[in-house]
Amino acid sequence: MALEAARDQVTTAPEVRPPDSGTTAQGSIKGAVISALLPPRRPRVSARKVKSPMTRYPGVATDPRPATSQDITHLAITVHQAVLAPPPAPRAPGRRALLLRLLRTDPHRTWQSREIAEGISCSNIKSLWTQLRDWTKEGVLQRVARNTYELAPEWICANPSAGAV
């Protein structure tokens with residue numbers, strides 16, 4: 001209905017031509033919509049039903065819930081003693097801690113990436129290369145040559161746990 005009224009406004013050009021005696025230029029779309037409104041919906045008297053309950057929600061004969069809606073007449077609340085979770089197991093040291101521990105055994109030595117992988121028991125050399133590159137950018141390591149690294153001087157310390165991050 002609104003679309004028809006809008007089309008009529010465009011084709012009759014009410015802003016250019018004077019309007020007919022039966023319509024006004026302003027509000028003709030609004031008037032057309034209001035005159036063609038549907039009657040209000042009747043109130044719903046029962047809950048909505050699933051159209052095909054067997055295919056969408058297969059019913060179980062042993063289901064303890066009632067088939068129809070029930071009024072709640074009382075509510076019982078039971079408070080149980082809290083069960084405390086056991087403390088988390090201590091985490092194994094990460095690769096950086098293992099790397100620092102290994103490189104601090106001989107801090108001024110240069111290490112090949114394969115030696116580092118064997119020393120920290122890393123089976124995925126490619127992911128270790130990525131981490132070695134990141135640690136070089138962070139200043140933990142210095143790259144001496146291709147796949148050859150040494151510990152950065154500021155990470156060499158007498159207490160091995162002081163610089164572990």
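Looking at every heavy atom in both residues, W129 comes nearest to N147 through NE1-OD1, 3.8 Å. Taking both residues in full, the closest heavy atoms of G139 and A152 are given as O-CB, 3.1 Å, listed atom of the first, atom of the second, then distance. Nearest heavy-atom pair across I125 and S113 is CD1-O, 3.8 Å.
The only option from V140, V144, T136 that meets the side-chain contact (heavy atoms from CB on, under 4.5 Å) definition with Y149 turns out to be T136. Paired with L151 under the rule side-chain contact (heavy atoms from CB on, under 4.5 Å), one option of L99, L102, L103 passes, and it is L103.
Proximity of a side-chain donor or acceptor of R104 to a complementary backbone N or O of W155 within less than 3.5 Å is detected.
For the atom pair S121 OG and L98 CG, the distance stands at 8.0 Å (nearest 0.5 Å). D134 contributes atom CG, which lies 9.5 Å from atom CZ of R96 (distance to the nearest 0.5 angstrom). How far CD of E138 is from CD of Q131: 10.0 Å, rounded to the nearest 0.5 Å. One distance of note links CD of E118 with OG of S123; it measures 12.0 Å at 0.5 Å rounding. Rounding to the nearest 0.5 angstrom, the gap separating the OG1 atom in T148 from the CD atom in E115 is 8.5 Å.
N124 has its side chain out of reach of L128: every pair of non-hydrogen atoms, C-beta onward, lies at least 4.5 Å apart. T105 has its side chain out of reach of R101: every pair of non-hydrogen atoms, C-beta onward, lies at least 4.5 Å apart. Considering only heavy atoms from C-beta on, S127 comes within 4.5 Å of R95 through its side chain.
Within a 6.0 Å radius of CZ in R109, other residues, nucleotides and ligands contribute more than 12 heavy atoms. Annotation for R133: atom CZ counts as buried by contact number, over 12 foreign heavy atoms lying within 6.0 Å.
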